[in-house]
**Q** 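The structure follows.
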Amino acid sequence: MKIATFNVNGINGRLAVLLRWLEEARPDVVCLQELKAPDARFPIRAIEQAGYGAIWHGQKSWNGVAILARGREPIETRRGLPGDPDDEQARYIEAAVEGLLIGCLYLPNGNPAPGAKFDAKRRWIARLAAHAAELLALDVPVILAGDYNVMPTELDVYKPERWVDDALFRPEVREAFHALIAQGWTDALRALHPGERVYTFWDYLHHAFARDAGLRLDHLLLSPTLAPRLTAAGVDRAVRGWEKASDHAPAWIELAPARLARRRKPAG
């Protein structure tokens, strides 16, 4: 089973890129971020013609998240991150798909830092951590996938010294991410590529993609019951080079069937 996360940076403006990637990569489940479209403008007809069911939580001009499932309909379990009844930003949606519980998230950027936006980002991460702990308590296979707007380590940014004061890399944010992981989550890409520079984002400015001046912002976190099924993880880097591409590339994982994971466990 192949599961991906992709910040599309405007689903209608980059629909051709998304559809081409869906046809070529054929992921089973996709978490999308930055739809930048209200619910009524989500291109559900084109998505369905590509063979995917979908749920989405849109917002005009900003934010927006969606979960696609190939050949099936995701069963929505939550819309919006709990913990703040006044939060109207479309940054979290959750669904059950083929025995998995999948949370799709778009964490706030937080710049400029320090400041009100950075404080809001830290509160959002705290709410995410609280909800993540509740999901772990369910003892079911869970994936939290999306654009976290966090580079967890120096290995995840091309020039760490240039980012020390940025909201994506400040110590408070990285510490919060590591505290989330410490609940028992597995950072899938880093688990299988522990010493590699793996990026998921390249700015449009200064020829960043050509220079491979990237950042790893997009993460797939696996619950303890799901981590043993992880067999592969990567980034479809070439997508970033397509015409009218997003500044993010899709990150993905592959999972073995649950029965195979159970068979392999004693050997480990």
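In what follows, every heavy atom counts, from backbone to side chain, and hydrogens, waters and symmetry copies are set aside.
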**Q** Taking the side chain as every heavy atom from C-beta outward, state whether Ile253 and Lys2 have any atom pair closer than 4.5 Å.
**A**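 No. Closest side-chain heavy atoms not under 4.5 Å.
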**Q** Roughly how far, to the nearest 0.5 Å, is CG of Leu68 from CD1 of Ile3?
**A**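 So the CD1 of Ile3 and the CG of Leu68 are separated by 12.5 Å.
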**Q** If only atom types and distance count, is the side chain of Ser246 paired as donor or acceptor with the main-chain N or O of His248 below 3.5 Å?
**A**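 A pair under 3.5 Å: yes.
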**Q** Side chains of Asn7 and Glu34: any donor to acceptor distance under 3.5 Å?
**A**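 Yes.
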**Q** With sequence neighbours excluded, tell me which residues meet side-chain hydrogen bond (donor to acceptor under 3.5 Å, both in side chains) with Arg190.
**A**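 Per chain and number, Arg190 pairs via side-chain hydrogen bond (donor to acceptor under 3.5 Å, both in side chains) with Asp156.
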**Q** Shortest non-hydrogen contact from Thr153 to His178?
**A**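 Where Thr153 meets His178 most closely, the heavy atoms are CG2-CE1, 4.1 Å.
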**Q** Show me, pair by pair, the donor-acceptor contacts under 3.5 angstrom made by side chains of residues 40-55, not counting sequence neighbours?
**A**
from  : atom 1 : to    : atom 2 : distance (Å)
Tyr52 : OH     : Pro27 : O      : 2.6

**Q** Using side-chain contact (heavy atoms from CB on, under 4.5 Å), reason through Leu101 and Leu135 one step at a time and then give a plain yes or no.
**A** CA-CA 9 Å; Leu101 190 59; Leu135 294 177; 3.7 Å; yes
**Q** Can you list every ring pair (Phe, Tyr, Trp, His ring centres under 6.0 Å) pair that touches residues 209-238, not counting sequence neighbours?
**A**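 Matches after skipping sequence neighbours: Tyr148-His219, Phe177-His219, Trp202-Phe209.
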**Q** Could you tell me whether the side chain of Leu18 reaches within less than 4.5 Å of the side chain of Ile11, counting heavy atoms only?
**A**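 Yes. Closest side-chain heavy atoms under 4.5 Å.
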**Q** Given side chains that start at C-beta, do those of Leu107 and Leu128 come closer than 4.5 Å, heavy atoms only?
**A**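 The answer is yes, as the side chains (C-beta and beyond) meet within the 4.5 Å cut-off.
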**Q** If you measure from the Lys or Arg side-chain nitrogens to the Asp or Glu carboxylate oxygens, is any gap between Glu76 and Arg79 under 4.0 Å?
**A**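 A salt bridge links Glu76 with Arg79.
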**Q** Under the rule for ring pair (Phe, Tyr, Trp, His ring centres under 6.0 Å), what residues qualify as partners of His57, not counting sequence neighbours?
**A**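 Applying ring pair (Phe, Tyr, Trp, His ring centres under 6.0 Å) to His57 gives none.
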**Q** Which residues end up grouped with Leu205 if you chain together Ile, Leu, Val, Met, Phe, Trp and Tyr wherever their side-chain heavy atoms are less than 4.5 Å apart?
**A**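 The other cluster members (ILVMFWY side chains, heavy atoms under 4.5 Å, direct or chained): none.
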**Q** By salt bridge (Lys or Arg N to Asp or Glu O under 4.0 Å), which residues pair with Glu94, not counting sequence neighbours?
**A**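 Expected list: none.
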**Q** Can you hop from Val150 to Tyr92 via hydrophobic side chains spaced under 4.5 Å?
**A**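 Both belong to a single hydrophobic cluster.
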**Q** When you look at CD of Glu24, are more than 12 heavy atoms from neighbouring residues, nucleotides or ligands closer to it than 6.0 Å?
**A**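 It does: Glu24 CD has more than 12 such atoms within range.
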**Q** Can you pull out every side chain to side chain donor-acceptor pair (under 3.5 Å) where at least one residue sits in residues 62-75? Sequence neighbours excluded, please.
**A**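 Non-adjacent pairs meeting side chain to side chain donor-acceptor pair (under 3.5 Å): Asp28-Arg70, Gln59-Asn63, Asn63-Arg91, Arg72-Glu98.
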**Q** Just wondering, do Trp185 and Val142 contact through their side chains at under 4.5 Å, heavy atoms?
**A**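 In contact.
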**Q** Is a side-chain N or O of Thr225 found less than 3.5 angstrom from the main chain of Val140, in a donor-acceptor match?
**A**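 Present.
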**Q** What residues join Leu155 in its hydrophobic cluster, counting side-chain heavy atom gaps under 4.5 Å, either direct or through other members?
**A**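 None, because no other hydrophobic side chain comes under 4.5 Å of this residue.
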**Q** Heavy atoms only: give me the nearest Arg170-Pro114 pair and the separation to one decimal.
**A**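 Minimum heavy-atom contact is NH1-CD, 4.1 Å.
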**Q** If we only count heavy atoms from C-beta on, is the Val173 to Leu168 side-chain gap below 4.5 Å?
**A**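 When only atoms from C-beta onward are counted, Leu168 and Val173 do not touch, as no gap falls below 4.5 Å.
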**Q** Work out which heavy atom in Asn111 is nearest to a heavy atom in Ala167; give both atom names and the distance.
**A**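 Residues Asn111 and Ala167, closest heavy atoms: OD1-N, 3.1 Å.
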**Q** Are the side chains of His131 and Arg78 in contact, using a 4.5 Å heavy-atom criterion?
**A**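 Of all side-chain heavy-atom pairs linking His131 with Arg78, at least one is under 4.5 Å.
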**Q** Any chance you could measure Trp252, atom CH2, to Asp236, atom CG, to the nearest 0.5 Å?
**A**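 Those atoms lie 7.0 Å apart.
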**Q** The test is side-chain contact (heavy atoms from CB on, under 4.5 Å); show your working for Arg197 and Arg216 and say whether it passes.
**A** CA-CA 8 Å; Arg197 290 194 174 276; Arg216 189 171 75 100; over 6 Å; no
**Q** Working to the nearest 0.5 angstrom, can you tell me the gap between Tyr204 OH and Asp247 CG?
**A**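 Tyr204 atom OH to Asp247 atom CG measures 4.0 Å (nearest 0.5 Å).
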**Q** When you look at CD of Glu161, are more than 12 heavy atoms from neighbouring residues, nucleotides or ligands closer to it than 6.0 Å?
**A**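 Count over threshold, so yes.
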**Q** Should Leu32 and Val65 be marked as a side-chain contact (heavy atoms from CB on, under 4.5 Å) after you check the CA-CA gap, both sets of side-chain angles, and the distance that decides it?
**A** CA-CA 5 Å; Leu32 300 177; Val65 286; over 6 Å; no
**Q** Just so I know, are the side chains of Leu105 and Leu144 near enough to count as touching, which here means a heavy-atom distance under 4.5 Å?
**A**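 Yes, their side chains come closer than 4.5 Å.
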**Q** The criterion is side-chain hydrogen bond (donor to acceptor under 3.5 Å, both in side chains); which residues satisfy it with Glu196, sequence neighbours excluded?
**A**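 By the side-chain hydrogen bond (donor to acceptor under 3.5 Å, both in side chains) rule, Glu196 matches His193.
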**Q** With sequence neighbours left out, what residues match Thr200 under side-chain hydrogen bond (donor to acceptor under 3.5 Å, both in side chains)?
**A**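 Testing Thr200 for side-chain hydrogen bond (donor to acceptor under 3.5 Å, both in side chains), a comparison that skips the adjacent residues, returns Asp218.
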**Q** Ignoring hydrogens, what is the shortest heavy-atom contact between Leu255 and Leu100? Give both atom names and the distance.
**A**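 Scanning both residues completely, I find the closest heavy atoms to be CD1-CD1, 4.1 Å.
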**Q** Under a plain distance cut-off of 3.5 Å, with no hydrogens placed, do Asn109 and Lys121 share a side-chain donor-acceptor pair?
**A**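 No, no side-chain donor-acceptor contact under 3.5 Å.
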**Q** How far does CZ of Phe169 sit from CG of Asn149, to the nearest 0.5 angstrom?
**A**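 Rounded to the nearest 0.5 Å, the CZ-CG separation comes to 14.0 Å.
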**Q** May I ask whether Ile143 and Tyr106 are part of the same hydrophobic cluster, defined by side-chain heavy atoms of I, L, V, M, F, W, Y residues being less than 4.5 angstrom apart, directly or through others?
**A**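 Yes, Ile143 and Tyr106 fall within the same hydrophobic cluster.
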**Q** Test of understanding: with salt bridge (Lys or Arg N to Asp or Glu O under 4.0 Å), list the residues that count as partners of Asp166, not counting sequence neighbours.
**A**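 So Asp166 forms no salt bridge (Lys or Arg N to Asp or Glu O under 4.0 Å) with any residue.
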**Q** With heavy-atom distances below 4.5 Å as the criterion, would you say the side chains of Asn9 and Lys244 are in contact?
**A**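 Side-chain contact under 4.5 Å: no.
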**Q** Nearest 0.5 angstrom please: Cys31 SG to Asp147 CG, how far?
**A**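 Separation between the atoms: 12.0 Å.
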**Q** Check the pair Trp163, Met151 against side-chain contact (heavy atoms from CB on, under 4.5 Å), reporting the backbone distance first and the verdict last.
**A** CA-CA 10 Å; Trp163 293 83; Met151 294 98 77; 3.8 Å; yes
**Q** Do you know the tightest heavy-atom contact between Leu35 and Trp56?
**A**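 Distance-wise, the nearest heavy atoms are CD1-CB, 4.3 Å.
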**Q** CG/Asp187 to CG/Leu222 distance, rounded to the nearest 0.5 angstrom?
**A**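 Between atom CG of Asp187 and atom CG of Leu222 there are 8.5 Å.
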**Q** Got a salt bridge between Arg127 and Asp87, using NZ or NE/NH1/NH2 to carboxylate O under 4.0 Å?
**A**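 Looking at Arg127 and Asp87, the cut-off is met.
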**Q** I'd like to check the side-chain contact (heavy atoms from CB on, under 4.5 Å) partners of Arg122; sequence neighbours left out, ordered by chain and number.
**A**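 Arg122 satisfies side-chain contact (heavy atoms from CB on, under 4.5 Å) with Phe118, Glu172 only.
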**Q** Taking atom CD1 of Ile75 as the centre, report whether more than 12 heavy atoms of other residues, nucleotides or ligands fall under 6.0 Å from it.
**A**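 12 or below, so no.
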**Q** If every non-hydrogen atom of Trp21 is compared with every non-hydrogen atom of Ala4, which pair is closest and at what distance?
**A**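 Looking at all heavy atoms of both residues, the closest pair is CH2-CB, 3.6 Å.
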